[in-house]
Chemist: 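Before anything else, here's the structure in question.
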Amino acid sequence: MASDTLGTTLTRHVFEQQKGHPQATGELTGILNQIALASKIMSRKVNRAGLADVLGYTGEENVQGEEVRRLDELANDVFIAAFDHLGHFCVMASEEVDDAIPIPDQYQCGHYSIAFDPLDGSSNIDANVSVGTIFAIHHKVSSGPRGENQDLLQCGTELVAAGYVVYGSSTMLVLSTGRGVDGFTLDPEIGEFLLSHPGIRIPERGKIYSCNEGNYPYWSEGVRRYIDYIKTPDKESGRPYSTRYIGSMVADIHRTLLYGGIFMYPADTKKNPDKAAPKLRLLYECSPMAFLLENAGGAASTGRGRVLEVTPEGLHQRVPFFGGSLLNVRELEEFVERYDAK
Ligand code: AHM
Ligand code: MG
């Protein structure tokens, strides 16, 4: 069968991208194949979630008398099992695990680290809302034989690749290796991710804002004034903007990438003034999404600067996140600069 008939598979796409880089070892192709494999397993599990005994809480028993595992815990195990033994990674971090996850001694250590959120938005799953997996890959920078925390605690500017898989009405993998953003849709008949959205570019400005607006009273003056501004009617600039909020970061970012606009998760500054408490995690939520948004021509900010430039101090560190179309994010930053104390 001619490859044009088959379409461009994820493997072929990454392989062809790497051809232009003589120093490429093919390791990244291997890594992405493993991510694709684990995603296919999770896609099937998520699709069958209503049928199988994987919903609900840990500790329950299913009809076979086995302990029921929550889907997010299952996803964690599936991704670790896909990553730990092939010799690509030196250390891993997962939203589900407090400490860095070492590569077992019996397996070879590789040249990359990976941070991932195995099943983001999983609190929505009982309502059949889209959930997803997010991943961020860095080069190993430590000099010892095995991986260390410093291999994970790197700025987003140093990312080698990042992406997400959204388990929605279809399963899509959206990926950047630093040269644009491409989307692949899983063809369930042949079990392959096929290039369906090459070269995704986010509109320079969008007219959708996306946030949990119930938290408005807790946000800073600058953020609240920005929200008031985008809701103030102005025919010429298309305001008020529409609001769309799924409450599942992968799905909200996916829509934002395709349609433009701004997705926000600000710090609840006024709720807890001593300790501004944003929700989303830097290493495996904000940083990879920022990498994708920037590579698609958009922006991602903490309100005061690029998310990609935040120096990570902890594996589960949280940061405020404002990501989307370039002009919308710049406007938000202007409000923060004007109204919020430094
Ligand atoms: P999770 O990783 O525990 O699923 O939490 C992260 C999720 C994001 O997907 C989403 O953007 C956010 O939490 C929604 O939070 P809220 O329910 O406060 O709006
Ligand atoms: Mg998450």
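Atoms within a ligand are numbered from 1 in the order they appear, just like the ligands themselves. Given the structure is predicted, the values throughout are model-derived calculations rather than measurements. Note that these values count all heavy atoms, side chains included, but never hydrogens, waters or copies made by symmetry.
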Chemist: Can you find a heavy atom in the side chain of Val307 that is under 4.5 Å from one in the side chain of Phe291?
Modeler: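 No; the side chains remain at least 4.5 Å from each other.
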Chemist: Quick check: are there more than 12 heavy atoms from other residues, nucleotides or ligands sitting under 6.0 Å from CG of Asp234?
Modeler: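 Correct, the count exceeds 12.
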Chemist: Is the closest heavy atom of Asp120 to ligand 1 under 4.0 Å?
Modeler: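 So Asp120 counts as touching ligand 1.
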Chemist: Considering Glu95, Met249, Arg281 one by one, which has a heavy atom nearer to atom 11 (O) of ligand 1 than any of the others?
Modeler: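 Minimum heavy-atom distance to atom 11 (O) of ligand 1 goes to Met249.
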Chemist: Can you find a heavy atom in the side chain of Phe263 that is under 4.5 Å from one in the side chain of Leu280?
Modeler: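 Heavy-atom side-chain distance check passes, below 4.5 Å.
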Chemist: Quick one, Glu95 and Arg281 - any side-chain contact, counting heavy atoms below 4.5 Å?
Modeler: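 Answer yes - side chains close enough.
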Chemist: Could you tell me if the side chain of Phe321 sits less than 4.5 Å from the side chain of Met264, heavy atoms only?
Modeler: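 No - every pair of side-chain heavy atoms lies 4.5 Å or more apart.
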Chemist: Quick one: does Gly121 get an N or O within less than 3.5 Å of an N or O on ligand 1?
Modeler: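 It does: an N or O of Gly121 is found under 3.5 Å from an N or O of ligand 1.
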Chemist: Check whether any heavy atom of Ser123 sits under 4.0 Å from an atom of ligand 1.
Modeler: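 Per 4.0 Å heavy-atom rule, Ser123 does not contact ligand 1.
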Chemist: Give me the number of protein N, O or S atoms whose distance to the Mg ion (ligand 2) is under 2.8 Å.
Modeler: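 My tally for this metal is 4.
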Chemist: Provide the closest heavy-atom pair for Ala100 versus Val91 in the form atom of the first, atom of the second, distance.
Modeler: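 Answer, listing the atom of Ala100 first, then Val91: CB-CG2, 3.9 Å.
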Chemist: A cation-pi test, strictly: NZ or CZ of Arg225 under 6.0 Å from the centre of the six-membered ring of Tyr339 and no more than 45 degrees from its axis. Yes or no?
Modeler: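 Flagged: Arg225 positioned over aromatic ring of Tyr339.
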